Structure formats: C-alpha cells, structure tokens
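For reference, the structure is listed below as structure tokens.
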Protein chains: 2
Amino acid sequence: MVRAGLTPERLTREGAELADEIGFDQVTVSGLARRVGVKVASLYSHLNDARDLKTRIALFALEELADRVAAALAGRAGKDALAAFADAYRDYAREHPGRYAAARLRLDPETAAASAGVRHAQMTRAILRGYDLTEPEQTHAVRMLGSVFHGYVSLEQAGGFGHTPVDPRESWAWIVDRLDALLRNPATP
Amino acid sequence: MVRAGLTPERLTREGAELADEIGFDQVTVSGLARRVGVKVASLYSHLNDARDLKTRIALFALEELADRVAAALAGRAGKDALAAFADAYRDYAREHPGRYAAARLRLDPETAAASAGVRHAQMTRAILRGYDLTEPEQTHAVRMLGSVFHGYVSLEQAGGFGHTPVDPRESWAWIVDRLDALLRNPATP
DNA sequence: CCCATTTGCCTAAAGCTATTAGGCAAATGC
DNA sequence: GCATTTGCCTAATAGCTTTAGGCAAATGGG
C-alpha cells in the first residue's frame with residue numbers, strides 16, 4: 001500500500017483550495033479525503049476533528065491575508081496606505097472567497113490571540129497613525145474600517161451589488177476616498 | 001394519534017426561534033422536528049427540504065427587520081433617520097442573532113426580488129434623500145451604509161470587539177455621527 | 001349522520017457525514 | 001536486520017436528509 005504522504009499542512013492547503021472551489025461552509029472531512037485520495041478515517045491521524053480542520057484553514061487564511069496586506073502596506077502612508085490596505089483586502093476576498101470566509105471563522109480567544117488576527121489589528125492601527133486621532137477615536141476608527149471593508153466584501157460576495165449597473169470598483173474607490181476625508185477632518189458639527 | 005397542527009408558518013416561526021437559540025447554521029430539520037415534537041419525516045409534508053426551511057426563515061427575518069426599520073424611520077429625516085435606521089438594525093441583530101444571520105442568507109434572484117430585501121434597499125435610499133447626493137454617489141453611499149452597518153453588526157456578533165474596553169455603543173454612535181458628517185459635506189479634496 | 005376522500009403524522013429505509021477502534025504494512029532507527 | 005513507530009485501511013456506530021408507503025384523523029357531500 002503506497003502512502004499518500006499526508007500532513008496537517010498539506011491537508012490545510014488542500015482544504016483551503018477546496019474552500020475556494022466549493023465554499024468554506026461546504027468543506028467536509030469526507031470531501032477532503034476524496035480530494036486527496038484516501039479514506040475518510042485516515043485523516044483523523046492528522047486532524048482532531050472537523051472543527052480542527054476548519055480552524056487550521058482559518059489560521060492559514062489569516063496568515064496569508066496578513067502577509068499580503070503587509071506587503072501592500074510597505075512604504076506607504078496616509079491615504080495611499082488606506083487604499084492599499086483596502087485593495088489588498090478586497091482582492092484577496094475575490095481571489096480566494098473560501099479562504100476569506102475561513103478567515104472570518106470565530107476562533108476561541110486563545111487561538112485568536114495566537115493567530116495572525118493580531119497582525120491585522122496592528123496594521124489597521126498603523127494606518128490610522130497617519131491620521132490625527134486620539135483614543136478613543138482611534139478605536140472607533142479601527143472598528144469602522146474593519147466594518148466597512150468586511151461588510152463591503154461580504155455584501156459584494158453575496159451578490160448584493162448585482163442589481164445596480166454601477167461598477168463595484170467605483171463604489172470601492174469612492175468609499176475609500178470618503179473615508180480618508182472623514183479621518184483627515186476633525187469633527188464637523 | 002393527536003395531530004400536532006403544523007403549518008409552514010408555524011415551522012418558520014419555530015425555526016426562527018431555534019436559530020436565535022442555537023445559531024442559524026445549526027438549525028436542522030431534525031432539530032426542528034424534535035422541538036415541535038414530531039418525527040422528522042413529518043416535516044416534509046410542509047417543507048420541501050432543508051434549504052426551503054432556511055429560505056423561509058430568511059424571508060421571515062427580512063420582513064420582520066424591514067418592519068422594524070420602517071417603524072423606526074417613521075417621521076424622521078436627516079441624521080435622525082440615519083441613527084434610527086442604524087439602531088434598528090443593530091438592535092435587531094442583538095435581539096435576534098439567529099434571525100439576523102438568516103436575513104443574510106443568499107437567496108436566488110427571483111426569491112430575493114420578491115422578498116422584503118427590496119424594502120430595505122428602498123429605505124436606505126429614502127434616508128439618503130435627506131442628503132444632497134447625485135447618482136452615482138447615491139449608489140456608492142447605499143453600498144457604504146450597508147457595508148458599515150452589516151459589517152459592524154457582524155464583527156460585533158463574532159466577538160471581534162471584545163479585546164478593547166471601549167463600549168461598542170460609543171463606537172456605534174461615533175460612526176453614525178461621522179457618516180452623517182461625511183454625507184452632508186461635499187467632496188473634500 | 002355516514003362514508004369517501006383528503007390530509008397529517010408515522011415507520012422504514014437508503015445515502016451521506018463524523019468519529020472511534022483495531023489491524024496490517026511501510027518507514028524508521030538502533 | 002529487526003523492533004518500533006507511523007500511516008492508511010476496514011469496520012462499526014451515530015446523526016442528519018430525504019423518499020416511499022401506511023394508517024388514522026379531519027372534512028365534506030349525499
């Protein structure tokens with residue numbers, strides 16, 4: 001019997017690809033086993049259970065996305081950085097919808113604390129250093145940026161923008177522009 | 001054998017409650033059958049399949065949310081309307097997390113077109129009439145509002161705001177305030 | 001009021017996923 | 001070169017989905 005050469009890493013990568021193909025929610029241990037050409041039970045030497053698989057894919061996606069964002073951010077500041085951040089985010093979600101969905105999996109606190117999720121938070125705050133915000137405004141802004149970017153990508157992915165003929169890229173650019181203005185300007189009563 | 005008196009409506013309502021209790025993703029035909037005290041197969045006289053059940057819950061949630069938003073919006077305009085809209089949205093998601101998740105289910109185009117989803121879109125545009133936006137800016141703004149509100153609620157629900165001691169309600173108020181300013185002011189180059 | 005039809009819920013069964021237990025052969029290491 | 005570890009397999013249990021077929025309760029026309 002020839003061994004298949006499985007490892008948790010290999011399974012995670014294959015799982016991520018599978019997620020992109022059929023959707024993260026549809027990823028199953030059985031399906032992954034079929035994909036790599038072994039019997040289902042064999043995967044349980046490498047994975048604890050289905051949840052473990054999903055968590056690994058999520059961590060993988062978070063790393064990958066953080067790397068991309070970091071690369072996009074390198075040497076940029078201000079609006080330039082904001083736009084690069086936004087685009088890296090949206091592009092990743094479009095190229096890898098399944099992984100993007102995986103990155104949004106709710107992790108338990110310890111796992112999350114040890115994940116690339118913290119790099120995401122740091123990078124978001126780094127962008128905001130280019131603007132003149134004081135605590136707690138910076139926290140509000142972090143939350144707002146996270147919400148807009150995640151929300152937009154999530155709605156776009158769900159096909160929510162198909163009704164209007166307006167190009168989603170234009171809306172994206174407009175939003176980034178307006179957010180930049182919003183962050184640059186002090187409170188306008 | 002005493003009849004249980006099931007109807008699609010009753011099952012939808014119970015399904016919505018179940019979703020709030022255990023999460024929309026965890027809702028299953030089997031679980032619903034247990035909840036209403038009948039055997040699983042009995043539900044298939046009232047539902048086509050599991051997908052049908054989920055779709056019904058989604059449509060129900062969309063209606064309910066649209067009703068709430070409409071009520072909140074009545075007689076308001078401008079920032080007042082924006083804040084009422086935002087709060088109705090967030091409050092619903094907090095009170096009924098399962099139904100809120102259901103409302104985000106991707107529906108096929110015809111179903112979506114016949115759903116309360118169109119009321120949501122109309123109401124969002126109605127709010128924006130209080131601001132001075134021209135097409136295509138209005139579309140961009142619709143998308144932005146949808147993104148922020150959905151994104152925020154979704155991140156908050158996922159526990160993404162637990163790390164910082166800043167009260168999510170403060171951030172919410174700040175965001176609504178800044179969005180209002182953003183929409184009131186013309187492009188600031 | 002009674003019987004025929006419809007309707008509602010049930011049992012049975014097949015197929016798929018998750019997970020555990022135990023076995024045999026391939027790889028590894030002394 | 002052999003002992004141990006490791007990797008993948010078969011077998012089996014359990015839950016969810018869905019279809020088929022059956023019996024009893026509700027309904028409605030004569």
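Proteins come first, then strands; the chains are lettered A, B, ... in the order of their sequence lines, and each starts at number 1. This one's a predicted model, so the numbers in the text were calculated from it and none came from an experiment.
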[N] [atom2] sits how many Å from [X] [atom1], rounded?
{"X": "L47(B)", "N": "dT17(D)", "atom1": "CG", "atom2": "C1'", "result": "12 Å"}
{"X": "L53(A)", "N": "dT19(C)", "atom1": "CG", "atom2": "P", "result": "10 Å"}
{"X": "L6(A)", "N": "dA27(C)", "atom1": "CG", "atom2": "P", "result": "14 Å"}
{"X": "Y44(A)", "N": "dT19(C)", "atom1": "OH", "atom2": "P", "result": "4 Å"}

One thing to verify: whether [Y] and [X] come together as a salt bridge, which I'm taking to mean a side-chain N less than 4.0 angstrom from a carboxylate O.
{"X": "D132(B)", "Y": "R184(B)", "value": "no"}
{"X": "E135(A)", "Y": "R125(A)", "value": "yes"}
{"X": "D167(A)", "Y": "R169(A)", "value": "yes"}
{"X": "R68(B)", "Y": "E64(B)", "value": "no"}

Problem - Terminal axis angle for the helix from dC1(C)-dG30(D) to dC30(C)-dG1(D), five pairs an end, nearest 10 degrees - result: 0°
Problem - Nucleic acid contacts - residues 35-43 of chain B versus DNA chain C, non-hydrogen atoms under 4.0 Å - result: V38(B), K39(B), A41(B), S42(B)
Completion exercise
Those residues at least two apart in sequence (or on a different chain) that pass side chain to side chain contact (heavy atoms under 4.5 Å, CB included) with E110(A) are D108(A)
Exercise for the section: Give one of base, sugar-phosphate or nothing for G5(A), where a contact means two heavy atoms less than 4.0 Å apart. Expected result: sugar-phosphate
Practice task
Under 4.0 Å between any heavy atoms, over every strand shown, what does R51(A) touch: base, sugar-phosphate, or nothing? Just pick one.
Solution key: nothing
Problem - side-chain N/O R34(B) vs dG15(D) OP1/OP2, d < 4.0 Å - result: no
Handout entry: Any H46(B) side-chain N or O less than 4.0 Å from OP1/OP2 of dC9(C)
Key = yes
Problem - R10(B) and E14(B): CA distance, side-chain angles, deciding distance, salt bridge (Lys or Arg N to Asp or Glu O under 4.0 Å) verdict - result: CA-CA 6 Å; R10(B) 161 107 190 277; E14(B) 300 269 9; 3.1 Å; yes
Handout entry: Aromatic ring proximity, centroids under 6.0 angstrom, W172(A) and F149(A)
Key = yes
Handout entry: Lys/Arg cation over aromatic Y92(B): R99(B), 6.0 Å, 45° cone
Key = no
Problem - Cation-aromatic face contact R143(B)/Y152(A), 6.0 Å, 45 degrees - result: no
Handout entry: Apart from L6(A) itself, residues in the same hydrophobic cluster as defined by side-chain heavy atoms under 4.5 Å
Key = L11(A), L18(A), I22(A), F24(A), V27(A), V29(A), L32(A), V36(A), V38(A), V40(A), L43(A), Y44(A), L47(A), L53(A), I57(A), L59(A), L62(A), L105(A), L107(A)
Handout entry: Members besides V118(A) in its Ile/Leu/Val/Met/Phe/Trp/Tyr cluster (side-chain heavy atoms under 4.5 Å)
Key = none
Practice task
For DNA chain D, find the residues of residues 8-30 of chain B with a heavy-atom distance under 4.0 Å and give them by number; none if there aren't any.
Solution key: T28(B), V29(B), S30(B)
